Amino acid sequence: MNEATVFGRFVPDFGRVVAQMQFDMYHHYTVDEHSIRAIGLLAQIERGDLREDHPLATVILRQTPMRRALYVSVLLHDIAKGRGGDHSVLGAEVAMKLCPRFGMSAAETEAVAWLVRHHLLMSATAFKRDLSDFKTVLDFAQAVQSPERLRLLLALTVVDIRAVGPGVWNGWKRQLLGDLYNAAEEVLRLGHKQTGRAERIAAKQEELSQALGWAERDFANYAKRMTESYWIAEPEDVLAANARTVAAAGDAPLTVSAQVYPARGATLVSVYTADHPGLFYRLAGAIHLAGASIIDSRVHTTRDGMALDNFLVQDPFGRMFDDADRLQRLERAIREALESGTRLAERLAARPLPRTRATAFAVAPNVVIDNKASNRHTVIEVNARDRPGLLHALAYALYESKVTIRSAHIATYGERAVDTFYVTDLVGDKVEGLLRLKSVERRLLDAAEGVGVAVAA
(Lines give C-alpha, C1' and ligand atoms only; values in the text may rest on other atoms or scores of the structure.)
Protein backbone atom coordinates (compact mmCIF):
# COMPACT_ATOMS: atom_id res chain seq x y z
CA MET A 1 0.00 0.00 0.00
CA ASN A 2 2.83 2.40 0.81
CA GLU A 3 4.81 1.70 -2.37
CA ALA A 4 1.65 2.16 -4.44
CA THR A 5 1.10 5.55 -2.69
CA VAL A 6 -2.33 4.36 -1.53
CA PHE A 7 -1.56 4.50 2.18
CA GLY A 8 -0.14 8.03 2.01
CA ARG A 9 -3.39 9.18 0.38
CA PHE A 10 -5.53 7.35 2.92
CA VAL A 11 -3.48 8.83 5.79
CA PRO A 12 -2.03 12.14 4.54
CA ASP A 13 -0.02 12.56 7.78
CA PHE A 14 1.85 9.36 6.90
CA GLY A 15 2.25 10.55 3.33
CA ARG A 16 4.31 13.47 4.67
CA VAL A 17 7.06 11.11 5.94
CA VAL A 18 7.19 8.86 2.87
CA ALA A 19 10.78 8.83 1.54
CA GLN A 20 11.81 11.34 4.23
CA MET A 21 15.54 10.98 4.82
CA GLN A 22 17.30 11.60 8.13
CA PHE A 23 20.72 13.18 7.70
CA ASP A 24 22.77 11.22 10.22
CA MET A 25 24.81 8.03 10.53
CA TYR A 26 22.38 6.32 12.92
CA HIS A 27 19.20 5.82 10.90
CA HIS A 28 19.60 3.49 7.94
CA TYR A 29 16.12 3.91 6.45
CA THR A 30 13.66 6.62 5.51
CA VAL A 31 11.02 7.41 8.15
CA ASP A 32 8.22 5.47 6.47
CA GLU A 33 10.41 2.41 5.81
CA HIS A 34 11.63 2.45 9.42
CA SER A 35 8.03 2.43 10.71
CA ILE A 36 6.94 -0.35 8.35
CA ARG A 37 9.98 -2.46 9.27
CA ALA A 38 9.13 -1.95 12.95
CA ILE A 39 5.62 -3.31 12.32
CA GLY A 40 7.15 -6.33 10.58
CA LEU A 41 9.42 -6.96 13.57
CA LEU A 42 6.43 -6.68 15.92
CA ALA A 43 4.60 -9.32 13.86
CA GLN A 44 7.66 -11.60 14.00
CA ILE A 45 7.83 -11.26 17.78
CA GLU A 46 4.11 -11.99 18.07
CA ARG A 47 4.51 -15.15 15.98
CA GLY A 48 7.34 -16.26 18.23
CA ASP A 49 10.00 -16.07 15.50
CA LEU A 50 12.28 -13.92 17.73
CA ARG A 51 11.58 -15.66 21.02
CA GLU A 52 15.26 -16.22 21.82
CA ASP A 53 16.12 -12.54 21.34
CA HIS A 54 12.97 -11.15 22.96
CA PRO A 55 11.34 -13.63 25.36
CA LEU A 56 9.71 -10.87 27.41
CA ALA A 57 8.21 -9.03 24.43
CA THR A 58 6.96 -12.35 23.01
CA VAL A 59 5.01 -13.04 26.22
CA ILE A 60 3.69 -9.46 26.33
CA LEU A 61 2.30 -9.62 22.78
CA ARG A 62 0.44 -12.83 23.53
CA GLN A 63 -1.13 -11.50 26.71
CA THR A 64 -1.85 -7.81 26.13
CA PRO A 65 -5.50 -6.79 25.64
CA MET A 66 -4.28 -3.70 23.75
CA ARG A 67 -2.69 -5.38 20.73
CA ARG A 68 -4.33 -2.94 18.28
CA ALA A 69 -3.08 0.07 20.22
CA LEU A 70 0.46 -1.30 20.17
CA TYR A 71 0.48 -1.86 16.40
CA VAL A 72 -0.95 1.61 15.72
CA SER A 73 1.58 3.24 18.08
CA VAL A 74 4.39 1.56 16.14
CA LEU A 75 2.90 2.86 12.88
CA LEU A 76 2.58 6.42 14.22
CA HIS A 77 5.56 6.82 16.57
CA ASP A 78 7.64 8.85 14.06
CA ILE A 79 4.78 10.32 12.01
CA ALA A 80 5.54 13.92 13.01
CA LYS A 81 9.23 13.93 12.10
CA GLY A 82 10.32 16.85 9.96
CA ARG A 83 7.66 19.27 11.27
CA GLY A 84 10.07 21.60 13.05
CA GLY A 85 9.30 20.63 16.64
CA ASP A 86 9.47 17.73 19.10
CA HIS A 87 8.20 14.87 16.96
CA SER A 88 7.04 12.96 20.04
CA VAL A 89 4.76 15.77 21.22
CA LEU A 90 3.50 16.59 17.73
CA GLY A 91 3.03 12.88 16.98
CA ALA A 92 0.81 12.44 20.04
CA GLU A 93 -1.41 15.22 18.71
CA VAL A 94 -1.62 13.48 15.33
CA ALA A 95 -2.52 10.21 17.08
CA MET A 96 -5.38 11.85 18.98
CA LYS A 97 -6.81 12.92 15.61
CA LEU A 98 -6.17 9.73 13.63
CA CYS A 99 -7.09 6.98 16.08
CA PRO A 100 -10.83 7.76 16.26
CA ARG A 101 -10.81 7.82 12.45
CA PHE A 102 -9.31 4.31 12.54
CA GLY A 103 -12.27 3.18 14.67
CA MET A 104 -10.33 2.95 17.92
CA SER A 105 -11.96 3.45 21.31
CA ALA A 106 -11.22 6.36 23.62
CA ALA A 107 -9.02 4.11 25.80
CA GLU A 108 -7.06 2.85 22.79
CA THR A 109 -6.66 6.40 21.47
CA GLU A 110 -5.29 7.57 24.83
CA ALA A 111 -2.89 4.62 24.96
CA VAL A 112 -1.56 5.25 21.44
CA ALA A 113 -1.10 8.97 22.08
CA TRP A 114 0.77 8.27 25.32
CA LEU A 115 3.04 5.70 23.66
CA VAL A 116 3.85 8.03 20.76
CA ARG A 117 4.51 10.90 23.18
CA HIS A 118 6.87 8.78 25.32
CA HIS A 119 8.31 6.30 22.82
CA LEU A 120 11.89 7.42 23.60
CA LEU A 121 11.48 7.39 27.40
CA MET A 122 12.50 3.80 28.08
CA SER A 123 15.58 3.75 25.86
CA ALA A 124 16.76 7.13 27.18
CA THR A 125 16.40 5.94 30.78
CA ALA A 126 17.99 2.53 30.21
CA PHE A 127 20.96 3.73 28.16
CA LYS A 128 21.72 7.12 29.73
CA ARG A 129 20.96 6.64 33.42
CA ASP A 130 22.31 4.57 36.31
CA LEU A 131 19.77 1.81 36.93
CA SER A 132 21.32 0.98 40.30
CA ASP A 133 20.18 4.42 41.50
CA PHE A 134 16.67 3.78 42.81
CA LYS A 135 15.48 7.29 42.00
CA THR A 136 16.06 6.53 38.31
CA VAL A 137 13.65 3.61 38.52
CA LEU A 138 11.17 5.53 40.68
CA ASP A 139 11.06 8.52 38.30
CA PHE A 140 10.57 6.19 35.34
CA ALA A 141 7.77 4.28 37.09
CA GLN A 142 6.03 7.53 38.01
CA ALA A 143 6.10 8.61 34.36
CA VAL A 144 4.72 5.27 33.13
CA GLN A 145 2.12 4.87 35.91
CA SER A 146 0.65 1.54 34.85
CA PRO A 147 1.94 -2.03 34.29
CA GLU A 148 0.10 -2.27 30.95
CA ARG A 149 1.75 0.91 29.66
CA LEU A 150 5.10 -0.51 30.77
CA ARG A 151 4.53 -3.70 28.80
CA LEU A 152 3.46 -1.83 25.67
CA LEU A 153 6.35 0.61 25.96
CA LEU A 154 8.89 -2.21 26.19
CA ALA A 155 7.58 -3.83 23.00
CA LEU A 156 7.51 -0.49 21.16
CA THR A 157 11.05 0.36 22.32
CA VAL A 158 12.44 -3.00 21.18
CA VAL A 159 11.08 -2.80 17.63
CA ASP A 160 11.91 0.91 17.34
CA ILE A 161 15.58 0.19 18.09
CA ARG A 162 15.81 -2.93 15.93
CA ALA A 163 14.19 -1.19 12.96
CA VAL A 164 16.88 1.53 12.92
CA GLY A 165 19.20 -0.74 10.97
CA PRO A 166 21.45 -3.82 11.11
CA GLY A 167 23.85 -4.06 14.04
CA VAL A 168 22.06 -1.48 16.21
CA TRP A 169 20.46 -4.03 18.55
CA ASN A 170 22.80 -5.97 20.87
CA GLY A 171 22.88 -7.94 24.12
CA TRP A 172 23.89 -4.89 26.16
CA LYS A 173 20.73 -3.01 25.15
CA ARG A 174 18.56 -6.08 25.75
CA GLN A 175 20.00 -6.49 29.25
CA LEU A 176 19.55 -2.82 30.19
CA LEU A 177 15.97 -2.70 28.94
CA GLY A 178 15.19 -5.93 30.79
CA ASP A 179 16.73 -4.64 34.01
CA LEU A 180 14.71 -1.42 33.81
CA TYR A 181 11.51 -3.30 32.98
CA ASN A 182 11.88 -5.69 35.91
CA ALA A 183 12.72 -2.94 38.41
CA ALA A 184 9.86 -0.68 37.25
CA GLU A 185 7.38 -3.57 37.14
CA GLU A 186 8.19 -4.37 40.78
CA VAL A 187 7.59 -0.74 41.80
CA LEU A 188 4.34 -0.49 39.83
CA ARG A 189 3.06 -3.81 41.18
CA LEU A 190 4.03 -3.37 44.83
CA GLY A 191 4.34 0.41 45.14
CA HIS A 192 7.92 -0.02 46.37
CA LYS A 193 10.94 -2.26 45.97
CA GLN A 194 10.42 -5.63 47.57
CA THR A 195 13.74 -5.60 49.39
CA GLY A 196 15.55 -2.73 51.06
CA ARG A 197 19.17 -1.69 50.71
CA ALA A 198 20.50 -3.69 53.68
CA GLU A 199 18.64 -6.85 52.62
CA ARG A 200 19.92 -6.59 49.04
CA ILE A 201 23.52 -6.19 50.23
CA ALA A 202 23.21 -9.15 52.60
CA ALA A 203 21.69 -11.34 49.88
CA LYS A 204 24.45 -10.47 47.39
CA GLN A 205 27.17 -11.12 49.95
CA GLU A 206 25.68 -14.48 50.86
CA GLU A 207 25.42 -15.52 47.22
CA LEU A 208 28.98 -14.36 46.49
CA SER A 209 30.35 -16.18 49.53
CA GLN A 210 28.82 -19.44 48.32
CA ALA A 211 30.04 -18.91 44.76
CA LEU A 212 33.64 -18.22 45.81
CA GLY A 213 33.96 -20.92 48.46
CA TRP A 214 36.45 -18.86 50.47
CA ALA A 215 37.12 -19.35 54.15
CA GLU A 216 34.58 -17.43 56.24
CA ARG A 217 37.21 -15.12 57.74
CA ASP A 218 38.77 -14.31 54.35
CA PHE A 219 35.42 -13.42 52.84
CA ALA A 220 34.42 -11.31 55.84
CA ASN A 221 37.65 -9.30 55.53
CA TYR A 222 37.05 -8.80 51.81
CA ALA A 223 33.42 -7.76 52.29
CA LYS A 224 34.40 -5.13 54.87
CA ARG A 225 36.73 -3.47 52.36
CA MET A 226 33.88 -2.75 49.94
CA THR A 227 31.45 0.12 50.36
CA GLU A 228 27.66 -0.23 50.41
CA SER A 229 27.37 1.51 47.03
CA TYR A 230 29.64 -1.12 45.47
CA TRP A 231 27.41 -3.99 46.61
CA ILE A 232 24.30 -2.22 45.33
CA ALA A 233 25.70 -1.13 41.97
CA GLU A 234 27.29 -4.32 40.66
CA PRO A 235 25.43 -7.49 39.58
CA GLU A 236 26.33 -10.84 41.09
CA ASP A 237 28.49 -12.08 38.19
CA VAL A 238 30.61 -8.89 38.22
CA LEU A 239 31.00 -9.13 42.01
CA ALA A 240 32.39 -12.64 41.58
CA ALA A 241 34.75 -11.59 38.76
CA ASN A 242 36.00 -8.64 40.84
CA ALA A 243 36.64 -10.79 43.90
CA ARG A 244 38.77 -13.20 41.89
CA THR A 245 40.67 -10.29 40.29
CA VAL A 246 41.43 -8.73 43.69
CA ALA A 247 42.49 -12.08 45.14
CA ALA A 248 44.81 -12.77 42.22
CA ALA A 249 46.32 -9.26 42.34
CA GLY A 250 48.09 -9.73 45.65
CA ASP A 251 50.47 -6.79 46.16
CA ALA A 252 50.78 -5.93 42.45
CA PRO A 253 50.60 -2.15 41.89
CA LEU A 254 48.33 -2.53 38.85
CA THR A 255 46.07 -5.37 37.76
CA VAL A 256 44.06 -5.34 34.54
CA SER A 257 41.59 -8.16 33.88
CA ALA A 258 39.58 -8.58 30.66
CA GLN A 259 36.96 -11.28 30.22
CA VAL A 260 34.03 -12.01 27.94
CA TYR A 261 30.66 -10.82 29.29
CA PRO A 262 28.14 -12.42 26.90
CA ALA A 263 25.10 -11.34 28.96
CA ARG A 264 25.80 -7.77 27.87
CA GLY A 265 27.32 -8.52 24.46
CA ALA A 266 30.52 -6.87 25.65
CA THR A 267 33.86 -7.45 27.38
CA LEU A 268 34.30 -6.68 31.07
CA VAL A 269 37.55 -4.86 31.87
CA SER A 270 38.36 -4.51 35.57
CA VAL A 271 41.24 -2.38 36.81
CA TYR A 272 42.54 -2.71 40.38
CA THR A 273 45.16 -0.24 41.55
CA ALA A 274 45.86 2.43 44.14
CA ASP A 275 43.31 5.22 43.84
CA HIS A 276 44.48 8.72 42.96
CA PRO A 277 42.97 11.88 41.42
CA GLY A 278 42.56 11.71 37.65
CA LEU A 279 42.65 7.91 37.48
CA PHE A 280 39.38 7.68 35.53
CA TYR A 281 40.43 9.94 32.65
CA ARG A 282 43.73 8.06 32.31
CA LEU A 283 41.87 4.73 32.28
CA ALA A 284 39.44 6.02 29.65
CA GLY A 285 42.32 7.14 27.46
CA ALA A 286 44.23 3.89 27.91
CA ILE A 287 41.21 1.77 27.00
CA HIS A 288 40.57 3.80 23.84
CA LEU A 289 44.25 3.58 22.87
CA ALA A 290 43.95 -0.18 23.24
CA GLY A 291 41.33 -0.12 20.48
CA ALA A 292 38.24 -0.52 22.67
CA SER A 293 35.12 1.62 23.02
CA ILE A 294 33.64 2.08 26.51
CA ILE A 295 29.86 1.62 26.71
CA ASP A 296 29.44 1.62 30.49
CA SER A 297 31.60 2.04 33.58
CA ARG A 298 31.45 2.10 37.35
CA VAL A 299 34.10 3.57 39.62
CA HIS A 300 34.67 2.23 43.12
CA THR A 301 37.13 2.99 45.92
CA THR A 302 37.65 0.45 48.68
CA ARG A 303 37.73 1.50 52.33
CA ASP A 304 41.52 1.07 52.30
CA GLY A 305 42.11 3.38 49.31
CA MET A 306 42.25 1.00 46.35
CA ALA A 307 40.42 1.72 43.10
CA LEU A 308 38.32 -1.08 41.59
CA ASP A 309 36.89 0.21 38.32
CA ASN A 310 34.72 -1.82 35.94
CA PHE A 311 34.31 -1.00 32.25
CA LEU A 312 32.09 -2.67 29.66
CA VAL A 313 33.86 -2.35 26.32
CA GLN A 314 33.38 -3.36 22.69
CA ASP A 315 35.50 -3.08 19.59
CA PRO A 316 34.83 -0.09 17.26
CA PHE A 317 32.18 -2.14 15.43
CA GLY A 318 30.13 -2.99 18.52
CA ARG A 319 31.46 -6.53 19.01
CA MET A 320 32.98 -8.29 22.00
CA PHE A 321 36.68 -9.00 22.42
CA ASP A 322 35.96 -12.71 22.67
CA ASP A 323 39.06 -14.83 22.13
CA ALA A 324 42.01 -15.40 24.45
CA ASP A 325 44.60 -13.64 22.26
CA ARG A 326 42.49 -10.49 21.85
CA LEU A 327 41.76 -10.39 25.58
CA GLN A 328 45.45 -10.66 26.44
CA ARG A 329 46.36 -7.95 23.91
CA LEU A 330 43.66 -5.72 25.38
CA GLU A 331 44.98 -6.19 28.93
CA ARG A 332 48.56 -5.59 27.81
CA ALA A 333 47.70 -2.46 25.80
CA ILE A 334 45.79 -0.90 28.71
CA ARG A 335 48.58 -1.69 31.14
CA GLU A 336 51.26 -0.26 28.82
CA ALA A 337 49.27 2.92 28.20
CA LEU A 338 48.85 3.49 31.93
CA GLU A 339 52.45 2.73 32.80
CA SER A 340 54.11 4.57 29.90
CA GLY A 341 53.67 8.07 31.33
CA THR A 342 53.14 9.55 27.85
CA ARG A 343 50.50 12.13 27.05
CA LEU A 344 47.40 10.13 26.21
CA ALA A 345 45.51 13.03 24.60
CA GLU A 346 48.11 13.53 21.87
CA ARG A 347 48.15 9.83 21.02
CA LEU A 348 44.35 9.68 21.02
CA ALA A 349 44.08 12.70 18.71
CA ALA A 350 46.35 10.92 16.23
CA ARG A 351 44.05 7.89 16.04
CA PRO A 352 41.81 7.81 12.95
CA LEU A 353 38.05 7.81 13.28
CA PRO A 354 36.58 4.30 12.89
CA ARG A 355 33.98 5.93 10.64
CA THR A 356 35.63 8.83 8.83
CA ARG A 357 32.31 10.07 7.38
CA ALA A 358 31.38 11.29 10.88
CA THR A 359 33.36 14.48 10.21
CA ALA A 360 30.73 15.49 7.64
CA PHE A 361 28.12 15.98 10.36
CA ALA A 362 27.90 18.99 12.64
CA VAL A 363 26.73 18.20 16.17
CA ALA A 364 26.44 21.23 18.43
CA PRO A 365 27.78 20.27 21.90
CA ASN A 366 25.25 20.48 24.70
CA VAL A 367 25.65 19.97 28.47
CA VAL A 368 22.72 19.31 30.82
CA ILE A 369 23.38 19.29 34.59
CA ASP A 370 20.62 17.80 36.76
CA ASN A 371 20.65 17.77 40.56
CA LYS A 372 17.17 16.22 40.82
CA ALA A 373 17.70 12.99 38.88
CA SER A 374 19.55 11.31 41.78
CA ASN A 375 19.37 11.54 45.55
CA ARG A 376 23.13 11.07 45.94
CA HIS A 377 24.76 12.41 42.78
CA THR A 378 24.76 15.27 40.31
CA VAL A 379 23.89 13.88 36.87
CA ILE A 380 25.68 15.47 33.90
CA GLU A 381 24.74 14.62 30.32
CA VAL A 382 26.99 15.69 27.45
CA ASN A 383 25.90 15.50 23.81
CA ALA A 384 28.69 15.91 21.23
CA ARG A 385 30.04 14.59 17.94
CA ASP A 386 31.80 11.32 18.55
CA ARG A 387 35.57 11.27 18.10
CA PRO A 388 38.61 9.37 19.42
CA GLY A 389 39.26 10.22 23.05
CA LEU A 390 36.02 12.14 23.67
CA LEU A 391 35.38 10.35 26.96
CA HIS A 392 39.00 10.95 28.01
CA ALA A 393 38.65 14.69 27.29
CA LEU A 394 35.36 14.98 29.16
CA ALA A 395 36.69 13.04 32.14
CA TYR A 396 39.77 15.29 32.23
CA ALA A 397 37.51 18.37 32.22
CA LEU A 398 35.66 16.97 35.23
CA TYR A 399 38.98 16.24 36.95
CA GLU A 400 40.02 19.86 36.36
CA SER A 401 36.70 20.93 37.86
CA LYS A 402 37.53 18.98 41.04
CA VAL A 403 34.61 16.64 40.48
CA THR A 404 34.69 12.91 41.28
CA ILE A 405 33.13 10.52 38.75
CA ARG A 406 31.10 7.71 40.33
CA SER A 407 29.78 6.12 37.13
CA ALA A 408 29.70 6.89 33.41
CA HIS A 409 27.20 5.68 30.83
CA ILE A 410 28.01 6.03 27.15
CA ALA A 411 25.52 5.84 24.29
CA THR A 412 26.43 6.38 20.63
CA TYR A 413 23.92 7.19 17.89
CA GLY A 414 25.92 7.17 14.67
CA GLU A 415 28.05 10.31 14.68
CA ARG A 416 26.52 11.58 17.97
CA ALA A 417 27.73 10.51 21.41
CA VAL A 418 25.76 10.98 24.63
CA ASP A 419 27.98 10.57 27.71
CA THR A 420 26.28 10.68 31.12
CA PHE A 421 28.25 11.06 34.35
CA TYR A 422 27.10 10.56 37.94
CA VAL A 423 29.41 12.79 39.96
CA THR A 424 30.01 14.32 43.39
CA ASP A 425 32.34 16.96 44.74
CA LEU A 426 35.54 15.89 46.49
CA VAL A 427 33.78 15.30 49.83
CA GLY A 428 31.01 13.15 48.34
CA ASP A 429 28.20 15.72 48.13
CA LYS A 430 26.30 16.94 45.08
CA VAL A 431 27.97 19.63 42.99
CA GLU A 432 26.04 22.83 43.73
CA GLY A 433 26.30 26.61 43.36
CA LEU A 434 25.45 28.48 40.16
CA LEU A 435 29.00 29.69 39.48
CA ARG A 436 30.47 26.24 40.16
CA LEU A 437 27.99 24.55 37.82
CA LYS A 438 28.58 27.15 35.10
CA SER A 439 32.32 26.54 35.37
CA VAL A 440 31.84 22.76 35.01
CA GLU A 441 29.55 23.31 32.02
CA ARG A 442 32.07 25.60 30.31
CA ARG A 443 34.93 23.14 30.72
CA LEU A 444 32.82 20.28 29.36
CA LEU A 445 31.71 22.31 26.35
CA ASP A 446 35.35 23.19 25.59
CA ALA A 447 36.32 19.52 25.92
CA ALA A 448 33.46 18.43 23.67
CA GLU A 449 34.62 20.91 21.02
CA GLY A 450 38.24 19.76 21.35
CA VAL A 451 39.49 22.96 22.98
CA GLY A 452 42.52 22.50 25.22
CA VAL A 453 42.44 18.70 25.36
CA ALA A 454 46.09 18.31 24.42
CA VAL A 455 47.15 19.33 27.91
CA ALA A 456 45.62 16.20 29.41
CA ALA A 457 48.25 13.71 30.45
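Keep in mind it's a predicted model, so treat the numbers as computed, not measured. Hydrogens, waters and symmetry mates are skipped; everything else that's a heavy atom, side chains included, is used.
Atom CZ of R335 sits in a crowded spot, with more than 12 heavy atoms from other residues, nucleotides or ligands closer than 6.0 Å.
To the nearest 0.5 Å, atoms CG (D386) and OG1 (T412) are separated by 5.0 Å. The distance from atom CG of L156 to atom CZ of R151, rounded to the nearest 0.5 Å, is 15.0 Å.
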Could you go through E234 and H300, starting from their C-alpha distance and side-chain angles, then the distance that decides it, and tell me whether this counts as side chain to side chain donor-acceptor pair (under 3.5 Å)? CA-CA 10 Å; E234 298 294 1; H300 308 286; 2.8 Å; yes
R436 vs E432, salt bridge (Lys or Arg N to Asp or Glu O under 4.0 Å): CA-CA, chis, key distance, verdict: CA-CA 7 Å; R436 178 87 188 280; E432 295 180 309; over 6 Å; no
Between V418 and R416, is a side chain to side chain contact (heavy atoms under 4.5 Å, CB included) present by the stated rule, with each step listed? CA-CA 7 Å; V418 182; R416 182 168 60 91; 3.4 Å; yes
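A salt bridge links R264 with D179: at least one charged nitrogen is closer than 4.0 Å to a carboxylate oxygen.
Aromatic rings of H77 and H118 (six-membered ring for Trp) have centroids beyond the 6.0 Å cut-off, not under it. Ring pair W172/Y261: centre-to-centre distance not below 6.0 Å.
Using bins of under 30°, 30° to 60° and over 60° for the plane-to-plane angle, the ring pair Y399/Y281 lands in the tilted bin.
Looking at residues two or more places apart in sequence or on another chain, you find a side-chain hydrogen bond (donor to acceptor under 3.5 Å, both in side chains) between T301 and D275. Evaluation of the salt bridge (Lys or Arg N to Asp or Glu O under 4.0 Å) rule for K402 yields no partner, not counting sequence neighbours. Applying the salt bridge (Lys or Arg N to Asp or Glu O under 4.0 Å) test to D315 and every residue at least two apart in sequence or in another chain returns R319, R326. For the side-chain hydrogen bond (donor to acceptor under 3.5 Å, both in side chains) test, residues two or more places apart in sequence or in another chain that qualify with H54 are R162.
Using a 4.5 Å heavy-atom threshold, the side chains of V271 and L254 count as touching. Residues R329 and R332 have side chains in contact (heavy-atom distance under 4.5 Å, counting atoms from C-beta outward). Inter-residue side-chain proximity for Y272 and N242 is flagged as unmet; no heavy-atom pair is nearer than 4.5 Å. Y422 places a side-chain heavy atom less than 4.5 Å from the side chain of R129. In this structure, T157 and L177 have side chains that are in contact, with non-hydrogen atoms separated by less than 4.5 Å. Contact check for L239 versus Y230: side-chain heavy atoms found under the 4.5 Å cut-off.
Residues V116 and L76 approach most closely at CG1-O, 3.9 Å, considering heavy atoms.
A side-chain hydrogen bond (donor to acceptor under 3.5 Å, both in side chains) with D130 holds for exactly one of H377, R298, R406; it is R298.
Every pair passing salt bridge (Lys or Arg N to Asp or Glu O under 4.0 Å) that includes a residue from residues 300-314 is listed here, sequence neighbours excluded: R225-D304. Residue pairs meeting the salt bridge (Lys or Arg N to Asp or Glu O under 4.0 Å) criterion with at least one member in residues 362-375, sequence neighbours excluded, do not occur.
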